[in-house]
Amino acid sequence: MATLPPLAHRVGSYRPSKVREVFAQANAPGMISLAGGAPFLGDLPFGELATQASSILTEQGAVALQYSFGVGLPRLRQQIADVMALEGMDVDPDDVIVTAGSQLALEAICKVMVDPGDVVITEGPCYAGGLSAVMSYDTDVRHAETDDDGLVIDKLAAQIDELIARGKTVKMVYAIPTFQNPGNTVLPPERRQALVQLCSDRGILLIEDNAYGLLGFDGETVRAMKADAPEQVAYLGSFSKMFGPGLRLGWIVPPRELVGVLKDTVETFILNPPTMGQLQMSAYLDGYDWQGLLERMRALYERRCDTLIAALRGSMPASVTWQRPRGSFYLWVKLPEGLDSEDLMVKAMARGVVFVPGTAFYIDGQGHDRMRLSYCLPTEEQLTKAGTILGELITEELAR
Ligand SMILES: Cc1ncc(COP(=O)(O)O)c(C=O)c1O
């Protein structure tokens, strides 16, 4: 019989993912899932992608299937800099490190920056995958307070100062300033400036995760914090939501001082990002009107969002509230007193609807009064049905 040694200490701080529990049910037959953050891929130009993949393999197969540069292919790094220019950033392609998804980029930053016990501050609530990544290094993770506009900077400053006064080392603030997941807030410009200033004053690395920045319903892009503070901000980008997650391609543009160490760290994880996927992504960006497709996707997501809201409005009591999203995938719903989102999730699943309870986005037990409803993937018909089922369920629960 095999006998294994104990797990490394840091594994103890991994949190069992509630999202994972939910996902296990999301694909059950007949279930309508409002749970995932999976983009709608039905309008991608699969025929053209197939032609491009075929040319890549025919013309440069031995490159495509070979090891390649640890930091990513030069052409794609230039294209990434061009994408970032849409949000006001002037980036040297030499500072771009391509990764296998931005999830890996976040973990790489933590590996480089965090010693056991160091504090990393995240928004409360915070994207569950981000929480898992920042917790991976025996980190002391704290939530900062948010309101309808996102992080409340005065309170964050007081929180940081109190932590420092108690002898804590605050290393990083991890923020999703544009279309926050799950709150779907957009941090206003003055708060962005104040956040950058705060991090600069206290010597804290600011991580700007911008997976959804190009998915604003009105097509307008918000100026990234990285644009005005390139040496304070480590920027995380991703092709997952603006294209599809299947190629597993994201990137990081850290302050220049950190480029070398992060490049080495990413290499220890993956040697190099997937070569074939990078060539495919690069051909797509060069050869297809991807911004035109994104415009159609934004309109589709807005329609889906409004369809879900209409169904909820038609069936929920007015004590259930939310802020209408300005982009991306998520409706962050506030429940009235007396309802518990985990309990509701179990009951909703019995009626054929699955969503993520708010508790999945906190590490400190908050979120029982919240649920995250994703409208990105289900059809409008499914969204109407799911919204109505949830509305009826909540109405019944409140009447008990
Ligand atoms: C805020 C945020 N960042 C990062 C990711 C993951 O990105 P990637 O697929 O590039 O790892 C997600 C996925 O849902 C997300 O919501």
Side-chain angles (χ1 to χ4, degrees), residues 17-20 22-23 26 33-41 72 76 80 83-84 87 96-110 120 122-136 143 146 150-151 172-187 206-216 222 224-226 233-253 266 269-270 273-274 277-278 280-281 297 301 325-332 355-356 358 360-362 372-377:
S17 168
K18 286 219 166 59
V19 180
R20 226 169 287 144
V22 172
F23 282 168
S33 175
L34 308 182
F40 174 70
L41 303 184
L76 186 63
I80 287 171
V83 169
M84 291 175 71
E87 288 165 293
V96 176
I97 303 167
V98 182
T99 59
S102 75
Q103 184 73 21
L104 183 129
L106 181 56
E107 169 135 8
I109 296 176
C110 293
V120 175
T122 78
E123 289 139 332
C126 174
Y127 159 56
L131 278 178
S132 304
V134 296
M135 291 185 79
S136 302
H143 289 308
T146 58
L151 279 172
M172 311 197 291
V173 171
Y174 167 64
I176 309 166
T178 308
F179 310 128
Q180 204 262 359
N181 180 4
N184 215 341
T185 48
V186 180
L187 199 68
L206 177 55
I207 303 176
E208 176 173 30
D209 184 343
N210 193 28
Y212 301 93
L214 297 180
L215 292 174
V222 184
M225 295 189 291
K226 178 78 177 174
V233 175
Y235 178 95
L236 304 184
S238 174
F239 287 117
S240 292
K241 315 293 177 175
M242 59 175 276
F243 174 74
L247 295 181
R248 299 308 300 133
L249 286 175
W251 67 92
I252 172 171
V253 185
V266 169
F269 280 128
I270 52 171
Q278 289 183 81
Q280 175 94 61
M281 194 67 227
M297 298 310 297
Y301 291 134
R326 287 160 55 190
S328 107
F329 294 177
Y330 310 111
L331 191 67
W332 183 233
F355 63 86
V356 185
F361 305 101
Y362 294 91
R372 192 194 73 176
L373 308 182
S374 308
Y375 46 78
C376 38
L377 206 50

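Both ligands and their constituent atoms are indexed starting at 1 by order of listing. For this chain, numbers begin at 1 and follow the sequence in order. Computed over heavy atoms, backbone and side chain alike; hydrogens, waters and symmetry mates excluded.
Contact residues for ligand 1 (protein heavy atom closer than 4.0 angstrom to any ligand atom): G101, S102, Q103, Y127, I176, N181, D209, A211, Y212, S238, S240, K241, R248.
A heavy-atom distance below 4.5 Å is found between the side chains of T122 and L131.
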Candidate pair Y235 and E87, rule side-chain contact (heavy atoms from CB on, under 4.5 Å), full reasoning:
CA-CA 12 Å; Y235 178 95; E87 288 165 293; 3.7 Å; yes
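Judged by distance alone, the side chain of Q103 and the main-chain N or O of G129 form a donor-acceptor pair under 3.5 Å. Looking at K226, its side chain never comes within 3.5 Å of a backbone N or O of M84 through a donor-acceptor pair. Remark: side-chain polar atoms of E123 are not paired, donor with acceptor, to backbone N or O of C126 under 3.5 angstrom.
Under the rule for a side-chain hydrogen bond (donor to acceptor under 3.5 Å, both in side chains), E208 has no partner lying at least two apart in sequence or in another chain.
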